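In this text, all values refer to a predicted model and were calculated from it rather than measured experimentally. Naming: A, B, ... by sequence-line order, numbering from 1 per chain.
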Amino acid sequence: MGLLLDPNRRRPLTQVLVRRNALISVICYMAGVVWFMGLAFEPFIPHTKMTETALHHTVVQEGFTAGEMAMATGREFAANKKKAHGMPVDWLVKTMESRGLEAFTQSFNRTLPFPDDNKERVIVNGTNVYGILRAPRAHRAEALVLSVPSSPGNSNNQAVGLLLGLAQYLRSQIYWAKDIIFLVNDHDLIGMQAWLEGYHHPNATGMGWSPLLGRGGSIQAALSLELSSDVITSLDLVLEGLNGQLPNLDLVNLFSAFCQKIMVPCTIQGKRQRKDWDTVSGYSHAVQTMLLMVLKQASGRPWGNHGLFLRYHIDAASIKGINSFHQYKADATKVGRLMEGMYRKLNNLSARLHQSCFFYLMPSLSHFVSIAYYMPAFGLLAVVPLLRALDLWVQLVSPPSTADNVCSVTAIEPTSSPSGILLSVLTPITISHLTGVALYTLPIRSQAVAVRHFPLSETEAVVLTAIVIYTAGLALPHKLPSGQRTGQGWRVLKLVAVVYLTLLLGCAAFVNFSLGFVLALTLVPLAAFVTPHVPKFPSAFIMVVLSPAGTLLFSVFFSRELQEMPVGFLGGWRLLLSAISQGILDNSLYGSLVYPLVALTIYPCWLLFWNILFWR
Amino acid sequence: MCVCVRHWAGLANILLPRSVQGFCTMKLLSLLCLFSVYLVVWSNNIETKAGQFFSSGHTNNWAVLVCTSRFWFNYRHVANTLSVYRSVKRLGIPDSHIVLMLADDMACNHRNPKPATVFSHKNMELNVYGDDVEVDYRGYEVTVENFLRVLTGRMPPSTPRSKRLLSDDRSNILIYLTGHGGNGFLKFQDSEEISNVELADAFEQMWQKRRYNELLFIIDTCQGASMYERFYSPNLMALASSQVGEDSLSHQPDLAIGVHLMDRYTFYLLEFLEDIHPASTANMNDLFKVCPKSQCVSTPGHRTDLFLRDPGSVLITDFFGSVRKVELTTETINLTITEEPVKERPMHGDLQKERQSYIDQLPVSEIIHQQQSRVKCKHVLAAVRKGHHEIQQNGVAMGRNCVSHSLRTQWMLCVRMTFSKRMSITFSLLKPVFFQPIKVTPNSICAIEA
């Protein structure tokens, strides 16, 4: 530490860091990106391995054979659903009771702030139906959940059929040590949220629901099944939950172990695993899979029923049946056997899953990147603004004696007093944060006004208000009185801004690595190069492109590209609007943190840099 | 006619030259030569067996069988322990001499699709839970503290006798442990562990407290060999399922029960023990060959340097069984005393060691003890001779004098004493072709007479 504490001896180090600042920054940034891309290369990262002792081996006998019957039940369910114009509650309760479950219902209602994009619903009234298989010999202290989302429409009926078929078969087994709750939740995630709140009591989102009359024990793990066809070509595992939370990796390992045992092709992010990791196309396949996971995780949305379980520290995943044009077809019996095997193993758990990682990325189903591997990539990016901060600090505290420093002329201004500088810095900070608050609160509050004055739908009103406020923020620096601006002021402001940015990105990365990394990827170069002395208009263009909204647009395009469903500009714009509205809705419905984080902190921080660019 | 072994040999030697003189034909000569060789070899065999008969100095057998793992997925550890329990019980150690510690109750686990059973073989072939299992320490009672207390005998006064290891300096003890272990430790439950140093010290304390005559230690766990490498007390023999750095692997995955039923080492140990019966002559060298690397995947290890007898002369039943060394025959038994000293059996390897035995702490008691026992032995030996004489004369069924249990035990002690005093005793045993002995269990000696 002597080297760092002694001002004389640390001077050479500081000088090197200051003189070579730009070079080191560029190297760090490039290294961070290269490190990240290297994570998808199989030899660098470990193979997934089951670490939970209770789940070791797949030595269980799957006896489920009633796949055909389950599909017939699914058709029956579809017919009843059509008849009832919604959830066929009575039929479900009767069927569950006839299969030996304790059946219960839960009704809920929820008024959405504005209609959501694809389903056009505002007031949601629904009923969840669930049946509890009581463990015949055990106490009722623990439970497992199998949930199937059901929404008006024709999807997911087969999953309900399979759920009922499985319930009937599993009921006849005597080896259960945990209750199994079979849940058919109405209105997708809203019903799921209502049920989870009812089960765990605290009302987190202001939803109205009736209390649950039957409970199992504490939920140890949950799976959600989505199946919309009688046969499938592969099963896709969905992991990303609310705020980028992930289930324990052992749940993934369990799934892939049973996929291999039952011999069903399994995918993650809809991408099959390839064996040719050493070829360019094989590597790029892995990169695409990983990037899709990063983008999905960064969105902070629950990508299935499972996403809401994770908030209650219940490991959960969604299993989606996919029916594509592949020749191989697996029937419902195979899917049922896979589910049976997984539940039989989960039944062996003696504690919640805790042995394996909770923070990981998956370039394929058989390999994972743990937090220890991916954090250095983020660290290398986060070093860049800190280096800039060091540079600025050195410039501020020690007036440079050499004339070759371009900034030195403006650095020393005899007229600038400390209080003046503080004021000149505080003003833009306050204004940009107020803009952020407006961006967070106004879209929903002002939608009624907007709908009254403009020919817009409510959803459009909210999204366009958000965009208008966002754009209005860009005009702010010109409205500031220029008298407060001193030559030293922008350095202080930039110093504050880069430290603030590092802090924000660090926090974001610890909560949701993907979000932090994606934001760092765009905001870090911006933070590094912006000064009042760079050419105004090209820089402004770059800044807008690299702003949070630009990042979102780019991510939307890129994710469609990765899913091999490219869209045109118009389609991309529509997706952007949908993404914004969905982000706002996720925040008000489930408490997703991405929208408030971006609106209240990241966007104001970006505005500070915008302010610096137009500093006079 | 019953002739002692030595006489057989002697007779053959004397007879041989005479017959050669008498017939003088090459054919017969060679035939007789072969016969004589056979006799000599046979006599040596008998001698070895007679030697083995008294080589183990124990009078009672104890077993401490411990499963240290909880939870359903450790089913195999309970099955391991129960299979050893089954074997020792089948070979004659009564429940009162077995301390069985099971950390979990697999038979009643909710996850057991076949309640009240614990199987050791696939397809539910062998139920080791049986109908008569006496578990002494169960569930959370299985702790390091309790285990060490059982070994060292430092129990609270209220402890029932069934939970104690009431061994003495003439006890052969079998200690079997299974569970999850690492280099130098064995995990108990999920909360604590016993280290190899603690275990070695416990055995030393047992030795100093005269709690065993000989001790066989078997452990089936990962890196099992690390558990016995710190032992330093005498008369210990140890076996482990794997070397340091190796994992011990499971065996017998059963899809219906949904777990692995046994560990490899104990599985093959059980198979080996199933072939052992109370009169088996299988010795420790056979036990060392159980589960070679091709079957076990891990390399089983054993340690015999602390053990003073040749493992080849130690019967499996010395530890796994409770075989009383008594054979009643209808033939005469001559207990003659020859002058020539018994040749010391060569020790394993070149190392000659002195047999270690307990030294009395007070010389006074030693003197008294020797005097008393010398007097006593004379009486006892005489009584036994008399008893045998009567049996010989009147036949077993008619014999009035019964060799009582206590008399027999005293006689065993005396025989050993005389044996150690270089008095050669010859004894007929274990060759049904020649002697057709009647096996008599300890409790039924009198019953036969009646």
Check: [X] side chain, [Y] main-chain N or O, donor-acceptor pair, under 3.5 Å:
X: A:His354; Y: A:Arg352; result: yes
X: A:Arg137; Y: A:Tyr175; result: no
X: B:Lys187; Y: B:Gln189; result: yes
X: B:Asp104; Y: B:Met106; result: no
X: B:Arg303; Y: B:Tyr228; result: yes
X: B:Arg111; Y: A:Arg344; result: no
X: A:Asp250; Y: A:Thr51; result: yes
X: B:Thr178; Y: B:Asp220; result: yes

Handout entry: Positions in residues 135-145 of chain B that reach chain A, provided some heavy atom is under 4.5 Å away
Key = none
Problem - Part of B:Asp254 within contact of chain A (heavy atom distance under 4.5 Å) - result: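 Contact with chain A: backbone only.
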Exercise for the section: Quick one: which of A:Thr58, A:Asn348, A:Ile174 has the most heavy-atom pairs under 4.5 Å with chain B, could you say? Expected result: A:Asn348
Problem - Residue part contacting chain B, namely of A:Ala138, when any heavy atom lies under 4.5 Å - result: both
Exercise for the section: Could you have a look at B:Pro115, B:Pro253, B:Cys108, B:Ser250 and say which one has the most heavy-atom pairs with chain A under 4.5 angstrom? Expected result: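 Highest number of heavy-atom pairs under 4.5 Å: B:Pro115.
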